[in-house]
Amino acid sequence: QVQLVESGGGLVQPGGSLRLSCAASGSIFGIDAMGWYRQAPGKARELVADFPRGGRTNYADSVKGRFTISKDAKNTVYLQMNNLKPEDTAVYYCNARDLLRRINSWGQGTQVTVSS
């Protein structure tokens, strides 16, 4: 079992920055990829950024050049969000995938609100 705890969300002005963190614990050995998703009201959950083990990071077109996903040796993933826009407002969820065990884990989400 993998536990994911997000932090770093909040209210920010357009053009501002936030950094989200996701700490993974538990059965982290089998994690093949970690990433960030978001879900705005009335919309489906969408991929924001993904970090496959040994693979290349990838981003949604809407955040390319503004967001950066990174990972440290302790299986904490980060999402640096710069030049935030109102359309970035959503609940952001950390995700971890264990392909061998066919387990998809989610954090509880952290609210990001971009508003004047």
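Atoms considered below: every heavy atom in the structure, side chains included; atoms not considered: hydrogens, waters and symmetry mates. One is the number of the first residue; the rest follow in order along the sequence.
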Original post:
Above 12 or not: heavy atoms from other molecules or residues under 6.0 Å from CZ of R101?
Top reply: no
Original post:
Restricting to pairs with a member in residues 10-59, which pass disulfide bond (SG atoms under 2.5 Å apart), not counting sequence neighbours?
Top reply: C22-C94
Original post:
Does anything in residues 30-87 pair up under disulfide bond (SG atoms under 2.5 Å apart), and if so which pairs, sequence neighbours excluded?
Top reply: none
Subject >> Spacing of CG belonging to D98 relative to CD belonging to Q1, to within rounding of 0.5 Å >> reply: 12.0 Å
Salt bridge (charged side-chain N to carboxylate O under 4.0 Å, His left out) partners of [X], counting only residues at least two apart:
X   : answer
R66 : D88
D72 : none
K43 : none

**OP:** Could you tell me whether the side chain of S116 reaches within less than 4.5 Å of the side chain of P14, counting heavy atoms only?
**Re:** yes
Under 4.5 Å side-chain linkage, directly or through intermediates, the cluster mates of [X]:
X   : value
L47 : Y37, V91, Y93, W106
L79 : V2, L4, V12, L18, L20, I28, I31, M34, W36, V48, F51, Y59, V63, F67, I69, V77, M81, L84, Y92, V112, V114
L99 : none
Y78 : none

Original post:
Which of these, E87, R38, E46, sits in a side-chain hydrogen bond (donor to acceptor under 3.5 Å, both in side chains) with S62?
Top reply: R38
In chain order, what residues pass the side chain to side chain donor-acceptor pair (under 3.5 Å) check against [X], with sequence neighbours excluded?
X    : answer
N58  : none
Q111 : T113
S17  : N82

Original post:
Could you walk me through whether R97 and D50 pass the salt bridge (Lys or Arg N to Asp or Glu O under 4.0 Å) check?
Top reply: CA-CA 11 Å; R97 301 188 294 282; D50 197 50; 2.9 Å; yes
**OP:** Taking N95 for its side chain and N104 for its backbone only, find out whether a donor-acceptor pair lies under 3.5 Å.
**Re:** no
**OP:** Examine distances only and state if a side-chain atom of E6 and a backbone atom of Q108 form a donor-acceptor pair shorter than 3.5 Å.
**Re:** yes
